[in-house]
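Have a look at the structure below, then the notes.
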Amino acid sequence: MLVRNATRSLLYRRGLLSARPRTYATASRERVRIVEVGPRDGLQNESAVIPPEVKAELVNRLTKAGMDIIESGSFVSPKWVPQMAGTADVLKLMKRHKGMHYPVLVPNMKGLELLLDLLSKQPKSEVPYTDEIAVFTAATDAFSKANTNCTVAESLERLSAVAKRATAEGLRVRGYVSVVIDCPYSGKVDPAKVKDVSQALLDMGCYEISLGDTVGTGNPTTVGTLLHTVIGGSSGIPASKLAGHFHDTYGMAVANIFTALEHGVRTFDSAVGGLGGCPYSPGATGNVATEDVLYALRGSQYEAPGDLEAIAEVGTWISKTLNRPNASRVGRALEARRAREKLEKERENDGGAAETISAKL
Ligand SMILES: CC(C)(COP(=O)([O-])OP(=O)([O-])OC[C@H]1O[C@@H](n2cnc3c(N)ncnc32)[C@H](O)[C@@H]1OP(=O)([O-])[O-])[C@@H](O)C(=O)NCCC(=O)NCCSC(=O)C[C@@](C)(O)CC(=O)[O-]
């Protein structure tokens with residue numbers, strides 16, 4: 001069947017590629033959605049101050065590399081998460097494109113009002129700063145209190161009002177449930193509780209629920225058990241309404257994604273360069289790296305957005321900019337390959353020059 005390379009076509013339509021992509025024959029592949037969370041989840045835990053220009057540049061580079069859903073910041077209390085202060089500036093600075101989504105986290109009505117105020121001041125001719133918010137809660141009271149200073153029940157009440165108002169204002173609402181496997185404060189989490197909280201978020205109008213293995217302790221068995229409970233039974237939540245958000249603390253995130261794929265989940269959150277960690281989950285490392293997800297899906301029946309080589313270059317750039325090691329193994333391997341190829345080219349050029357000199361002599 002004739003299909004077009006989806007990512008290159010998207011870039012061409014956005015005016016980021018000059019040449020129309022060629023069409024070529026390939027087997028039809030099932031589309032997987034990737035929510036790139038690097039600019040939000042990835043940066044929220046960094047201790048050094050990151051200027052809004054750098055955050056906006058990260059979004060721009062990810063766009064050029066083909067990502068089409070980029071979580072771009074948070075309207076949370078700057079006292080709680082100082083790194084996300086200035087999200088309004090990031091949204092103003094970054095280049096926004098029609099058809100893309102730039103969700104931002106909103107924890108309460110105050111955050112939503114700040115966002116709505118910003119949107120109301122934007123010239124109508126511009127692409128909106130965002131058309132989507134993400135609300136977040138947890139499967140345990142202990143984590144919810146540490147993260148948002150209220151119990152799960154209190155957070156659901158708070159978020160229900162936020163979701164209702166956001167929907168009325170024309171915004172899409174995504175929901176997160178944190179600590180779906182283990183809680184750093186209260187231990188093992190009951191999958192039935194995850195199902196109840198997810199259902200409550202759907203009932204208040206969230207179009208999708210991202211299940212967060214915040215601590216990154218899940219493995220294919222525990223993730224499989226979780227999904228079996230959440231999706232299964234007559235009151236099961238359809239897999240199409242779920243997303244996987246796996247931190248890679250124990251190196252299991254890619255395996256967990258494949259387990260989730262087997263259960264029908266087709267949306268995954270990832271962060272370029274494996275950036276991130278949650279300020280309220282001590283010891284947890286970053287999200288699964290976008291590069292690792294794209295590489296793992298190569299040659300499979302699934303097609304994901306994003307150009308792997310280009311994403312890897314963004315991972316190299318942001319890791320250098322933040323002065324931190326690139327946490328993506330695929331990113332590091334591609335970096336090493338690029339360095340080798342550069343060296344070989346230089347050698348070739350040197351050899352060529354030497355040959356020219358000896359020919360002249
Ligand atoms: C929810 C609150 C605000 C409650 O925090 P609180 O202290 O209970 O809030 P409050 O209502 O009592 O207000 C205290 C002060 O904060 C201000 N305030 C209040 N709200 C806002 C706001 N939205 N924006 C800006 N300022 C705000 C408010 O105006 C007041 O200012 P003051 O009078 O003292 O000057 C706080 O706990 C908070 O912001 N928490 C966010 C924590 C966070 O961002 N965590 C990381 C994101 S979640 C995550 O990473 C997990 C995820 C999603 O990736 C999935 C996974 O991996 O599991």
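A quick note: this is a predicted structure, and the numbers were derived from the prediction, not measured.
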message: If you define the side chain from C-beta out and look only at heavy atoms, does anything of Gln83 sit under 4.5 Å from Ser74?
response: no
Inter-residue atom distance Met67.CE - Ile34.CD1, 0.5 Å rounding: 5.5 Å
message: side-chain contact (heavy atoms from CB on, under 4.5 Å), that's the test. Do Leu116 and Leu171 meet it? Break it down for me.
response: CA-CA 10 Å; Leu116 291 175; Leu171 295 167; 4.0 Å; yes
query: Are side-chain heavy atoms of Leu58 and Val272 found at a separation under 4.5 Å?
result: yes
task: Spell out, as yes or no, whether a donor-acceptor pair under 3.5 Å connects the side chain of Asp182 to the backbone of Val215.
output: no
- request: For the residue pair Phe268 and Thr290, establish whether any side-chain heavy-atom pair is separated by less than 4.5 Å.
  value: no
Arg329 CZ: over 12 foreign heavy atoms closer than 6.0 Å: no
- request: Decide side-chain contact (heavy atoms from CB on, under 4.5 Å) for Asp41 and His245; before the verdict, give the C-alpha distance in whole Å, the side-chain angles of both, and the deciding distance to 0.1 Å.
  value: CA-CA 11 Å; Asp41 204 359; His245 179 105; 3.0 Å; yes
- request: Taking the side chain as every heavy atom from C-beta outward, state whether Val76 and Gln44 have any atom pair closer than 4.5 Å.
  value: no
message: What I'd like to find out is whether the side chain of Thr140 reaches to under 4.5 Å of the side chain of Lys145, using heavy atoms alone.
response: no
- prompt: Is it the case that more than 12 heavy atoms not belonging to Glu157 sit under 6.0 Å from its CD atom?
  reply: no
message: Side chains of Asn60 and Thr63: any donor to acceptor distance under 3.5 Å?
response: no
- prompt: Got a donor-acceptor contact below 3.5 angstrom from the Thr214 side chain to the Val179 backbone?
  reply: yes
field: Minimum heavy-atom distance Thr267-Leu242, with the two atoms named
entry: CB-O, 4.1 Å
message: Under a 4.0 Å threshold between the charged nitrogen and the carboxylate oxygen, would Glu208 count as salt-bridged to Arg33?
response: yes
- prompt: To the nearest 0.5 Å, what is the distance between CE (Met84) and OG (Ser77)?
  reply: 13.0 Å
message: Under 4.0 Å between a side-chain nitrogen and a carboxylate oxygen: does that hold for Arg96 and Glu126?
response: yes
message: Tell me whether Arg40 is salt-bridged to Asp269, with the criterion being a basic N under 4.0 Å from an acidic carboxylate O.
response: no
- request: Could you tell me whether Tyr129 atom OH has more than 12 heavy atoms of other residues or ligands within 6.0 Å of it?
  value: yes
task: Report yes or no: do Leu114 and Phe136 belong to one cluster of Ile/Leu/Val/Met/Phe/Trp/Tyr joined by side chain heavy-atom distances under 4.5 Å?
output: yes
- prompt: Do the side chains of Ile257 and Val265 join up, straight or via other hydrophobic residues, at under 4.5 Å, putting them in one cluster?
  reply: yes
message: Tell me whether the count of non-hydrogen atoms from other residues, nucleotides or ligands lying under 6.0 Å of OH in Tyr185 goes above 12.
response: yes
query: Would you say Glu291's side chain and Gly273's backbone share a donor-acceptor pair under 3.5 angstrom?
result: yes
query: With side chains defined as the heavy atoms from C-beta onward, is the minimum distance between Ile237 and Ile209 less than 4.5 Å?
result: no
field: Interatomic distance, Arg340 atom CZ to Arg337 atom CZ [nearest 0.5 angstrom]
entry: 8.0 Å
task: Begin with the C-alpha distance, continue with both residues' side-chain angles, and end with the deciding distance and a verdict on side chain to side chain donor-acceptor pair (under 3.5 Å) for Arg338 and Thr316.
output: CA-CA 11 Å; Arg338 279 200 302 276; Thr316 301; 2.9 Å; yes
task: Answer yes or no: is there a donor N or O on one side and an acceptor on the other, between the side chain of Tyr102 and the main chain of His97, under 3.5 Å?
output: yes
message: Between Glu341 and Lys345, does the salt bridge (Lys or Arg N to Asp or Glu O under 4.0 Å) criterion hold? Intermediate values first, please.
response: CA-CA 6 Å; Glu341 284 171 357; Lys345 210 168 194 164; over 6 Å; no
query: Just wondering, do Met100 and Val127 contact through their side chains at under 4.5 Å, heavy atoms?
result: no
query: Which pair of heavy atoms, one from Val90 and one from Ser72, lies closest together, and at what distance?
result: CG1-O, 4.0 Å
task: Identify the two heavy atoms, one from Arg266 and one from Leu261, that lie closest to each other, and give their separation to 0.1 Å.
output: NH1-O, 2.9 Å
- prompt: Rounded to the nearest 0.5 Å, how far does OG1 of Thr221 lie from CG of Leu226?
  reply: 12.5 Å
message: A quick test of your reading: do over 12 heavy atoms of other residues, nucleotides or ligands sit less than 6.0 Å from CG of Asn323?
response: no
message: Distance check, rounded to the nearest 0.5 Å: Lys241 atom NZ versus Leu201 atom CG?
response: 12.5 Å
query: Where the side chain of Glu36 meets the backbone of Gly38, is there a donor-acceptor pair that is under 3.5 Å apart?
result: yes
field: Any donor-acceptor pair under 3.5 Å from Thr87 side chain to Phe75 backbone
entry: no
For the student: nearest non-hydrogen atoms of Ala65 and Val314, plus distance: CB-CG2, 4.2 Å
- prompt: Are the side chain of Glu154 and the backbone N or O of Thr151 linked by a donor-acceptor pair below 3.5 Å?
  reply: yes
- request: State plainly whether one hydrophobic cluster holds both Ile50 and Trp80, where clusters connect Ile, Leu, Val, Met, Phe, Trp and Tyr through side-chain heavy atoms under 4.5 angstrom apart.
  value: yes
message: Set out, in order, the CA-CA distance, both residues' side-chain angles and the distance that settles side-chain contact (heavy atoms from CB on, under 4.5 Å) for Leu275 and Leu322, then state yes or no.
response: CA-CA 10 Å; Leu275 295 173; Leu322 300 178; 3.8 Å; yes
query: Hey, is the main chain of Asp213 close enough, under 3.5 Å, to the side chain of His247 for a donor-acceptor pair?
result: no
message: Just so I know, are the side chains of Val180 and Val189 near enough to count as touching, which here means a heavy-atom distance under 4.5 Å?
response: no
query: Is Ser144 reaching over with its side chain to a backbone N or O of Asp141, donor-acceptor style, under 3.5 angstrom?
result: no
query: Does one hydrophobic cluster hold both Val135 and Tyr207, with members joined at side-chain heavy-atom distances below 4.5 Å?
result: no
Main-chain N/O of Asn326 paired with Arg332 side-chain donor or acceptor, under 3.5 Å: yes
query: Tyr302 and Ile69: same hydrophobic cluster, using ILVMFWY side-chain contacts below 4.5 Å?
result: yes
field: Nearest heavy atoms of Pro39 and Glu71, plus distance in Å
entry: CB-O, 3.4 Å
field: Asn45 side, atom CG; Thr285 side, atom OG1 - distance, nearest 0.5 Å
entry: 10.5 Å
task: Decide side-chain contact (heavy atoms from CB on, under 4.5 Å) for Val32 and Val293; before the verdict, give the C-alpha distance in whole Å, the side-chain angles of both, and the deciding distance to 0.1 Å.
output: CA-CA 11 Å; Val32 163; Val293 178; over 6 Å; no
message: Using every non-hydrogen atom in the two residues, find where Val54 and Trp317 come nearest and quote the distance to one decimal.
response: O-CH2, 3.9 Å
